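Before any comments, here is the structure.
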Amino acid sequence: SGRCMPFFSLEHSKVAYRFDLGIFGGTSAGLAALLVLVGPRAMLIKIIACAALGLASWTLMEYGLHRFVLHGVRPFSTWHAQHHRRPAARIYTPTLVSVTLIAALVYLPAWIICGPWPACAVTFGIVAGDFCYAITHHAIHHGGAGGRWIRGRKRWHGLHHALRHDLVGRPGYYGVTTSFWDHVWRTAPGEVV
């Protein structure tokens with residue numbers, strides 16, 4: 001029974017960490033290939049629009065999950081506090097949990113409401129957004145200097161980690177891949193970026 005625990009552990013080995021990136025990268029590529037190669041041509045505009053909606057939705061989901069769930073709902077906030085204490089550790093939601101949540105909360109409702117092709121497209125957008133988030137977050141905590149954009153994201157995320165999230169008040173800088181929602185919801189104290 002102890003052998004199954006790595007699938008549900010918050011702190012991942014280097015192999016499990018790379019496996020997770022591979023799962024989301026491979027799923028993104030697979031869904032893109034499915035949509036481009038097999039998707040009905042008559043639905044091309046709808047498929048593109050649904051993929052764009054999924055990707056745009058991911059940015060809001062990333063912000064909302066980080067702000068309200070990871071910094072506000074137990075046990076998630078307790079788990080996320082481990083990341084704040086040890087930012088270079090490979091601490092994140094187990095892959096099996098992420099895949100199950102995306103299937104149950106994204107694909108299945110979209111399939112019921114819109115059908116299989118739009119559901120695949122929305123799911124592709126969200127999975128691709130999640131993959132971009134994972135790569136960005138990895139580069140922020142483990143990468144070298146990077147280009148101008150990644151240096152800006154490192155600075156932004158560094159401001160987030162520097163805040164005292166255990167104090168009452170409204171810490172900020174929740175966006176990892178974009179600062180857009182921090183500006184919309186005014187959670188970028190003192191920032192004009």
Side-chain angles (χ1 to χ4, degrees), residues 4-10 12 16-80 83 90-138 160 172-187:
C4 291
M5 276 321 277
F7 290 112
F8 299 101
S9 174
L10 292 176
H12 291 64
Y17 183 75
R18 289 182 177 155
F19 177 76
D20 184 76
L21 289 174
I23 289 289
F24 283 94
T27 301
S28 296
L31 285 171
L34 178 72
L35 291 165
V36 169
L37 300 174
V38 183
R41 294 286 162 232
M43 294 183 74
L44 184 61
I45 300 297
K46 187 174 189 175
I47 287 171
I48 291 169
C50 287
L53 175 66
L55 188 57
S57 296
W58 168 254
T59 65
L60 182 58
M61 289 170 60
E62 172 194 313
Y63 174 87
L65 288 169
H66 194 183
R67 179 178 178 185
F68 298 109
V69 177
L70 297 180
H71 284 280
V73 177
R74 291 182 186 265
F76 306 105
S77 60
T78 305
W79 297 339
H80 188 64
H83 168 64
R90 293 176 297 273
I91 298 171
Y92 60 93
T93 307
T95 306
L96 190 57
V97 173
S98 297
V99 169
T100 302
L101 288 173
I102 290 170
L105 299 177
V106 176
Y107 179 77
L108 188 57
W111 181 74
I112 290 168
I113 295 168
C114 303
W117 291 108
C120 278
V122 167
T123 303
F124 161 70
I126 288 174
V127 170
D130 188 35
F131 180 62
C132 290
Y133 160 82
I135 294 295
T136 302
H137 197 252
H138 173 81
H160 172 75
Y173 308 101
Y174 295 103
V176 173
T177 57
T178 179
S179 43
F180 177 78
W181 296 109
D182 281 297
H183 292 297
V184 168
W185 302 112
R186 298 185 181 272
T187 52

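By convention here, the first residue in the shown sequence is residue 1. Small disclaimer: the values here were computed from a predicted structure and weren't measured.
The minimum heavy-atom distance between Thr177 and Glu62, with the atom names listed, is OG1-OE1, 2.7 Å. When all heavy atoms of Trp181 and Thr187 are compared, the closest pair comes out as O-OG1, 4.4 Å. The shortest heavy-atom contact between Cys50 and Ala121 is CB-CB, 3.6 Å. Of all heavy-atom pairs spanning Leu21 and Ala134, the tightest one is CD2-CB, 3.6 Å. Taking each heavy atom of Cys120 and Leu34 in turn, the nearest pair found is SG-CD2, 4.1 Å. The shortest non-hydrogen separation linking Val127 to Ser28 is CG1-OG, 3.4 Å.
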Requested in this report: For Trp117 and Leu35, run side chain to side chain contact (heavy atoms under 4.5 Å, CB included): C-alpha distance rounded to whole Å, both residues' side-chain angles, the deciding distance at 0.1 Å, then the answer.
Outcome: CA-CA 8 Å; Trp117 291 108; Leu35 291 165; 3.9 Å; yes
Report task. Please report the C-alpha distance between Phe24 and Val99 in whole Å, then the side-chain angles of each, then the deciding distance to 0.1 Å, and finally whether the side chain to side chain contact (heavy atoms under 4.5 Å, CB included) criterion is met. Result -> CA-CA 9 Å; Phe24 283 94; Val99 169; 4.2 Å; yes
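Proximity of a side-chain donor or acceptor of Thr136 to a complementary backbone N or O of Cys132 within less than 3.5 Å is detected.
Interatomic distance, Ile102 CD1 to Leu108 CG, rounded to the nearest 0.5 Å: 13.5 Å. A distance of 7.5 Å separates CG in Leu53 from CD1 in Ile126, rounded to the nearest 0.5 Å. Atom CD1 of Ile47 and atom CZ of Phe124 lie 11.5 Å apart (nearest 0.5 Å).
Within the 4.5 Å cutoff, no side-chain heavy atoms of Ser179 are placed close to those of Tyr63.
Not counting sequence neighbours, the partners of Tyr133 by the ring pair (Phe, Tyr, Trp, His ring centres under 6.0 Å) test are His137.
Using a 30° and 60° split on the angle between ring planes, His66 and Tyr174 fall in the perpendicular class, above 60°. Using cut-offs of 30° and 60° on the angle between ring planes, the pair His80 and His160 is tilted.
No more than 12 heavy atoms of other residues, nucleotides or ligands lie within 6.0 Å of CH2 in Trp111, so this atom counts as exposed by the packing criterion.
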